[in-house]
Amino acid sequence: MAGDARAGPSNLLFLLIGLAASLLATSRAQPTDVKVGLIIDARSPVGKIANTTIPMALDDFYAAFPNSTARVQILHHDSGGDVVAAASAALQLITVQGARAILGPQSSVESTFVADLATRAEVPVVSFSATSPSVSPTTARFFSRAALSDAAQAGAIAALATYFGWRRVVPIYQDDDYGSAFVPFLVDALTSARATVPYRCALPAAASSDAVAAAMYRMESEQTRAFVLHTRAELAERVFAAAAEAGMMGEGYAWVITDGLTGLHGFVKPPQGVIGLAAYVRDTPRMREVEKRWAHRYMREQPDAERAHAEMGCYAVWAYDAAWAVASAAERLSSSDLSSPPGLVGGKGGPTDIAGLGKSVSGENFLRAINATRFEGLGGWFELIAGELKVPAFEVVNIMDNGKERSLGFWTQQHGLTRHVGRPSKVLNGELKPVIWPGDSTVRPSGWVQPTIGRKLQVAVPGNVSDSYRPIVHLIVDPVTNQTTAGGFVIEVFEAAVRLLPYALPFEYVKAKSMPYDELVEAVGNGTFDAAVADITMTADRSINVDFTLPYEATAIAMVVPVRDQRGSKRTWVFLKPLRYDLWLVSAVFFLFTGFVVWAIEHRANEDFRGPPSYQVGTLLYFGFSTLVFAHRENLKSNLSRIAVLVWVFVVLILQSSYTASLTSMLTVPQLEPTVADYGALRSSPEKVGVMNNSFVLRAMTELGFPQDRLLRYPDAQSFHEALLNGSIGAIVNETPYLKIFLKTYRDNFTMTNPLNKTGGFGFAFPKGSPYVMDLSQAILKLTESDEMNMIERKWFGDPDDDSDTQGDGQFTSDSLNFGSFWGLFLITGVTSLLCCAVHLVKFVATNQRELPSNLSWKGRLWRLAKIFDDKDPSSHTFRIKDDGGSVAGRDNTVASPRIAHSEFGSPLSAPYTSEWSVATTPVTDEIEMVTGGEARVEVAPNTDGSRENGIGQ
């Protein structure tokens, strides 16, 4: 008993310690609840989707991370789509229920007010459905968007307009923050893509079916057939119903819906042929598994919903990833951040005093944790950049008749439209799969048609046109019937282009009163006329008011001046003009070079090239230049020199013939030259210049610095002609088409110089944004590529080949011959002469190698070779070396005359050559016989004592 009594207190102590440890462990294992508010419109499609998606996302998160230390507790609030109710719910969540963050609210209008309250209380707001650019992290610091901003898809819509060739696009949008804030981004993107927005259709969210139908009928009577729909799902249903009733869902129409409607296409039920944009979601096993569970859960929670509603669109994906991001951020916060009451630290008022809320350290940390969250979500890589969801790509889908989506391709900011995501397209404007358009058509809608009211296009044509320029354009109005008839080159080009349009274009010509073309262009721009068809030059200033088609006639500013014959004033030195200075110089050099080569080869073996230095220089010069007239008399002994001269004489023959022909042309053909060579000469001269009335050339000349007091205006070609003849003006400056017409009539005494400046050419003018501009431009291109344009030009302007002699100044003078025309001949003769000279030099060095002592320096060797080169060549066949075989001094000094063997031709050059020498016991004489001209001469070498023995030939 005593032992049991002693053990009792000890056991009780151990029991208390174990109980305390168990309670402590239990308290540590219990996760912290993080209250997060959810503000939605429970009866809307997005609200129903969020009610299913967000709890499912949290269940999946904590199933994946069962040991989480924080648990997000959702506090539901139904705003019913009312802004005041949403703001009241946010205030209650922040001040009463202690919410750490808010998911939603659903609409952009509600988000604007809630984000302002949350920013003042420093409670993060994460929206998965407020896509309007009207609310953003830049305007509300504690606002984060876990969805794609509507502004991100404006570029994709503009790319579609460019790809399909729509020049006019009409936006149909909901008239509130959701729709109105998106339209400016869309208009800017379309304008950058060279498309226009002729008008807009704004519909209130509560617009009745009758009001929507009236708007559709108004649009059906207009020209545009491409529409972009950006509304909530409820209004979109009424729009599509009214459009179908008005016949706007048939062939020829194009409809594009934004991603907000594509994500709810099961609720909207868009007709077949509509093109939709959707945030790109990769098809992964996880996505398929989540989508399958989500559909079952949605149908279980919404038993009255249609099966088409149970499709997981962009809103479901964004809501899922937003809930996952909030749970992940809560898990990373410390327990102290999660336990401190939000918005009440340092507050001046009570819990309902929102204006007195102080700084919340936990709210700042929670916002930072949310914005720093990154993970692989259902929609791809989840990352918030500056509080905005990163835009991966948009998928372009085609709605089919069964309500299903058919993928056409993708759009990214980097690659544009492509068939495969992440791969650049090889086509300039992108590439998509074939589209099934409304009305089950495969023909691409043009985006606009003729207005159904049947009004003809009012085309302005200048009425008062001078007779001189009637081939360009003219208009006649019958005073009796008031019928208008237009003609001329411009009119025929316009009508030919209209015939090439893929549709009928009814128009009528309207006479425009006499006015400058700048005023005519302004009249088109302000709507007085629908178009202007005339010889209107496209300029930068005029393009501000109108849109021009592509030019149908190239133009430039040029100058017409009188011509005069220059032969009489330049006959003194005319003989120098056939060859240009470079050819004269090269020819002189080659005359000297050829003479030198011949002298170098013939010097040792030919008496004609020997003698005093002055005689040799004279011979070199004379021989070289005498080849010009083939008058050289020197007999060449070497075959090498003969080859060099033969090639050179051939070159001289060609040079001489060319010189003669060119000189003859200069002396006999009239040398017509313009009185003013170019614009620089005209500007520096005192001559006055004629320009055409109401032409932009006057302004262009003034801008180029030409004195305005020297510019005289004339109305027609005849006035220009008279002014040139009487000397009132020295030149005409105008555009080339007018100058060609002038020269057709007065070509004999005038010419057109090279163009001063290029201009934009002639184009047809239409109001800004006119859809006819692009179609007519394409028609003009087709017309230019065909032979019809040439036929029209020949009809009104004559054969273009007849004008070839009026262009530039190439026909006035015969061009001098230059070195470029003969460099090949000089190359041949130069190489030939160098080779001949080189071969002779090599033979000379090889022959006289024995005469060079080995102990001489290189300078001595050169000097020795030069001395040998200056001497006669005893081995040449032109010299004969002999010995008489006579006696020495004191003996019989009679020297026998050498024998000369005469050939049958009687020429000593034919005598056989002998190298035998007759040597006496004591050498007395060295007798060398030289055969020159058939005469024999014996020279007696002096004795060693300086005396000379008698011999034959003395």
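From a predicted model like this one, the values you see are computed outputs, not experimental measurements. What you see below is based on every heavy atom in this structure, not just the backbone, and it leaves out hydrogens, waters and symmetry mates.
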Checking the side chain of Arg100 only, and the main-chain atoms of Val72 only, is there a donor and an acceptor separated by less than 3.5 Å? no

Within the distance-only criterion (no hydrogens, no angle test), does the side chain of Ser134 pair as donor or acceptor with the backbone N or O of Ala181 below 3.5 angstrom? no

Sorted by chain and number, sequence neighbours left out, ring-ring contact (aromatic ring centres under 6.0 Å, His included) with Trp411 holds for none

Determine all donor-acceptor pairs shorter than 3.5 Å in which one atom belongs to a side chain in residues 299-310; sequence neighbours excluded.
{"unit_1": "Glu301", "atom_1": "OE1", "unit_2": "Thr52", "atom_2": "OG1", "d": "2.7"}
{"unit_1": "Glu301", "atom_1": "OE2", "unit_2": "Arg297", "atom_2": "NE", "d": "3.3"}
{"unit_1": "Glu306", "atom_1": "OE1", "unit_2": "Lys269", "atom_2": "NZ", "d": "3.1"}

Test item: Thr139 side-chain N/O and Val135 main-chain N/O as donor-acceptor pair under 3.5 Å: no

N/O donor-acceptor pair under 3.5 Å between Thr32 side chain and Ala70 backbone: no

Do Leu417 and Leu160 come close enough that some side-chain heavy atom pair is under 4.5 Å? yes

Determine whether the side chains of Asn371 and Ser144 contain a donor N or O and an acceptor N or O closer than 3.5 Å. yes

Crowded around Arg374 CZ? As in, over 12 foreign heavy atoms under 6.0 Å? yes

Angle between ring planes, His230 versus Phe182, binned at 30° and 60°: parallel, tilted or perpendicular? tilted

Salt bridge (charged side-chain N to carboxylate O under 4.0 Å, His left out): which pairs involve residues 61-89, sequence neighbours left out? none

Any donor-acceptor N/O pair, Gln153 side chain to Asp259 backbone, under 3.5 Å: yes

